[in-house]
Amino acid sequence: MTKMLLGCSLCLLLLLSCLSEPGESRTLSLASCSVNVHMHELRKYYNDIRSDAIESDSAIGVKLLDKSLINNLQDGQTCCFLRLVLRFYVERVFSNYASSQPQHQRCSSALANAFVSIRKDIHRCHCHCEEDTQRKMDSLTSEFIKLDINQAAQKAVGELDTVLEWLEGQTTLA
């Protein structure tokens, strides 16, 4: 009887492990350290709110995050840029993002918490920021503050895909 119960328990554990989504931890190698990034979590939460943020974006002609802004970073500025982008999203975007759907609010909170966690890990990297990188972030911030704060937050959440694509390109599977 005990062997049968143990066998059933093992089968149940195996079944549960097959049904659960595998965690994809990726490593972001920076100049002075490396940081683990759970891209699957970021993507999951972002995908849950993306369509709502894009549909609610009324400032169609405005672009906050141009891919060229991210792709033309100077060598050695990945750490700095990521730290500044995460700070921007935590302090300006997620704190002002509003959705009428509770599930979307939970997802934006989960994204914010994930960004805070990555920021905490990056803090120990002691990133050096060059003037050009700071200017890029100042440009992003200046476009953001030109819009109504809620409108700006919706737009920035809708454009978060640009940041996540860039981040995926900077990471390797752990």
*Assess whether atom NZ of K67 is packed by more than 12 heavy atoms of other residues, nucleotides or ligands within 6.0 Å.*
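Incorrect, the count does not exceed 12.
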*Heavy-atom count around N71 CG within 6.0 Å, excluding the residue itself: above 12?*
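Result for CG/N71: enclosed.
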*Does a side-chain N-to-carboxylate-O contact under 4.0 Å join E41 and K44?*
no
_Looking only at the side chains, is there a donor atom on one of Q134 and D138 sitting less than 3.5 Å from an acceptor on the other?_
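Side chains of Q134 and D138: pair found under 3.5 Å.
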*Is there a donor-acceptor contact under 3.5 Å linking the side chains of T133 and Q74?*
no
Could you check if a side-chain atom of [X] sits within less than 4.5 angstrom of a side-chain atom of [Y], using non-hydrogen atoms only?
{"X": "R26", "Y": "T172", "value": "no"}
{"X": "Q103", "Y": "D48", "value": "yes"}
{"X": "V90", "Y": "R87", "value": "no"}
{"X": "E168", "Y": "R43", "value": "yes"}
{"X": "N36", "Y": "D121", "value": "no"}
{"X": "E131", "Y": "R135", "value": "yes"}
{"X": "I145", "Y": "R92", "value": "yes"}
{"X": "L111", "Y": "L160", "value": "yes"}

*Among V163, I70, L86, whose side chain to side chain contact (heavy atoms under 4.5 Å, CB included) with F81 holds?*
I70
_Given L82, which partner from the list V35, V37, L28 fulfils the side chain to side chain contact (heavy atoms under 4.5 Å, CB included) test?_
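Of all the options given, the one that passes is L28.
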Hey, what do you get for [atom1] ([X]) to [atom2] ([Y]), rounding to the nearest 0.5 Å?
{"X": "S100", "Y": "D52", "atom1": "OG", "atom2": "CG", "value": "6.5 Å"}
{"X": "E130", "Y": "L73", "atom1": "CD", "atom2": "CG", "value": "10.5 Å"}
{"X": "Y97", "Y": "S99", "atom1": "OH", "atom2": "OG", "value": "4.5 Å"}
{"X": "Y45", "Y": "H38", "atom1": "OH", "atom2": "NE2", "value": "11.5 Å"}
{"X": "I118", "Y": "L167", "atom1": "CD1", "atom2": "CG", "value": "6.0 Å"}
{"X": "D132", "Y": "M137", "atom1": "CG", "atom2": "CE", "value": "12.5 Å"}

Over all atoms of both residues, closest heavy-atom pair of [X] and [Y]:
{"X": "I60", "Y": "D57", "result": "CD1-O, 3.2 Å"}
{"X": "Q151", "Y": "S58", "result": "NE2-OG, 2.7 Å"}
{"X": "L64", "Y": "A152", "result": "CD1-O, 3.9 Å"}
{"X": "Q105", "Y": "S108", "result": "O-OG, 3.0 Å"}
{"X": "C127", "Y": "R83", "result": "CB-NE, 4.0 Å"}
{"X": "C79", "Y": "C125", "result": "SG-CB, 3.9 Å"}

_Membership question, hydrophobic clusters at under 4.5 Å side-chain separation (ILVMFWY): are I54 and V62 in the same one?_
no
*Show the numbers, then the answer: is there a side chain to side chain contact (heavy atoms under 4.5 Å, CB included) between R119 and H123?*
CA-CA 6 Å; R119 268 181 69 191; H123 184 71; over 6 Å; no
*Under the side chain to side chain contact (heavy atoms under 4.5 Å, CB included) rule, what do T78 and W166 come out as? Steps first, then yes or no, please.*
CA-CA 10 Å; T78 301; W166 172 79; 3.8 Å; yes
_Students often mix this up, so state it plainly: with edges at 30° and 60°, are the rings of F94 and Y89 parallel, tilted or perpendicular?_
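Geometry flag for Y89 against F94: tilted rings.
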Using atom types as modelled and distance alone, determine if a side-chain donor or acceptor of [X] lies under 3.5 Å from a backbone N or O of [Y].
{"X": "K136", "Y": "N72", "result": "yes"}
{"X": "Q154", "Y": "A59", "result": "no"}
{"X": "E159", "Y": "L65", "result": "yes"}

*Could you tell me whether the SG atom of C80 lies less than 2.5 angstrom from the SG atom of C129?*
yes
